[in-house]
Amino acid sequence: MSKTIFEHSSAGRKGATLPRREIDIPLQSIIPADQLREKQARLPEVSELDVMRHYIALSHKNHFIEKGLYPLGSCTMKYNPKVHEALVRDSGFNNLHPYQPEATIQGSLEILYELQEQLAEISGMSKVTLQPAAGAQGEFTGIKIIAAYHKAKGNHHKTKIIIPDSAHGTNPATCSLVGYEVVELKSNAQGRCDLEHLKSIVDDNTAGFMLTNPNTLGLFETQLEQIAEIIHGVDGLIYMDGANLNALLGIVQPGKIGFDVMHFNLHKTFATPHGGGGPGAGPVGVVEKLVPFLPVPMVAKAGDEYYFDYGHAETSIGKVHTFYGNFAVLLRAYIYIKMLGAKGIRQVAENALINANYLMALMKDHYHIQHLEYCMHEFVADSSWQKKEFGVNTLDIAKRLLDKGFHAPTIYFPLIVPEAMMIEPTETESKQSLDSFAAAMLEIAQEIRENPEMLHEAPLTTPVRRVDDVRAVKVLDPAFNLGD
Ligand SMILES: *Cc1c(COP(=O)(O)O)cnc(C)c1O
């Protein structure tokens, strides 16, 4: 275990210099007697360097992208350029107040307006709202818009939304929250939507269909034309969960291939560090007929002036975030898109695809891959061979990866692949770092053959070994969560 800051303490050592008091004011004269300390506070006596080393050492006990590859499938844990961080801290942005008059924030409004336009262009949608704070809230906004559309048309009988069995848990949760009944669609042997099953569950009560594309198996849903025909045939709407959009950038526009509404995860696709659960942004784009239902305000332009537009307030689903969304996250996405330009944006997707396919090729003879074909920006391997032969499962492998300096992939998701390891290297990794990750996975495959017992003990080198996951969710005091 690491030392506490008190263990670095040495009597008389100081790390800060305070200004000398010019006038001596007795504390007793301003602080009530019963609130004065009786004893000196117990503080560590440390130098600035002691403190720096202590906290830097602590930070390294965690995993982060600047320390090593972080192939967490679907989450897109890529490196985020530091120039974004410098720019969002600029006082011109940082000191803005949301109630400032529009005339004094024209530059920031221009950025929001342009970002709306850029995302509309990238997605092929008519208009985009920037308000939602995360993918999950984007889903909520999008499904609310679907509900508003049906309400306006008098489609009161539409109570169901269809979702494939490979979907992220937020999809069914969102639909339930909006008040829809969820109907599960089976995947077929190719890991895509089973069209025959779809036809058998669609009826006049179908309000919509929610699809992740590429799906959570890392495969492109190829039957969109047929799906659109089936769903639009009953006046249903098709929602795209855009969490995997980094696979499509500059190549496919979802709004042009049948999707009616979608969310973006700016913190996944367009750069914002999101490892620690910090703020994100989940803008939502819609086709023309859904524009009247978008949240208010939108940022609009008249002549050279930008302004907050509440024009469609009567038909809008309302506001989904205080003020105008998470501005600093929006700003990072704007800078990212501006710096890359149209060509660079497409290269992001191309490199994401090449990296995932390269890594899959290196691993495929050592781990089972259920859908072995060209993948998109991620692929799903599993430990079914290792489990059957040696009793080593995916959790053991994930823990062993920590010993080798890598974060684990997403594990046990999607639910339809037993012992799943969902691997997304992202476009920011070099060939060398992919090679070293593959080498670690191959080493682990060999360790499993030679010493399967050791794998159950992993991780062996981290300050905390296996945590008791079940207990950790129930007992929130971290001191109680150490498994051993
Ligand atoms: C991440 C993710 C979400 C949820 O997005 P958040 O921004 O985490 O709320 C939804 N669907 C898929 C497929 C995802 O990967």
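Every heavy atom of this structure was used, including side-chain atoms; hydrogens, water molecules and symmetry mates were not. For ligands, and for the atoms within them, numbers begin at 1 and follow the listed sequence.
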Of all pairs that satisfy ring pair (Phe, Tyr, Trp, His ring centres under 6.0 Å), the ones with a partner from residues 420-439, not counting sequence neighbours: F406-F437
Counting N and O atoms only, with roles assigned by atom type, does the side chain of N244 sit under 3.5 Å from a partner on the main chain of T212, one being a donor and the other an acceptor? no
I'd like a table of the close N/O pairs between ligand 1 and the protein (anything under 3.5 Å), one pair per line with both atom names and the distance.
from	atom 1	to	atom 2	distance (Å)
ligand 1	5 (O)	N265	ND2	3.0
ligand 1	7 (O)	G135	N	2.8
ligand 1	7 (O)	N265	ND2	3.1
ligand 1	7 (O)	H267	NE2	2.7
ligand 1	9 (O)	G135	N	3.3
ligand 1	9 (O)	A136	N	2.8
ligand 1	11 (N)	D241	OD1	3.4
ligand 1	11 (N)	D241	OD2	2.6
ligand 1	15 (O)	S74	O	3.4
ligand 1	15 (O)	S74	OG	2.6
ligand 1	15 (O)	K268	NZ	2.8

For residues 172-219, which residue pairs pass the ring pair (Phe, Tyr, Trp, His ring centres under 6.0 Å) check, not counting sequence neighbours? none
What salt bridge (charged side-chain N to carboxylate O under 4.0 Å, His left out) pairs are there with at least one residue in residues 339-367, not counting sequence neighbours? R346-E350
Looking at H84 and A271, what are the two nearest heavy atoms and their distance? CE1-CB, 3.7 Å
Assign the ring pair W385 / H368 to parallel, tilted or perpendicular, where the plane angle (0 to 90°) is split at 30° and 60°. tilted
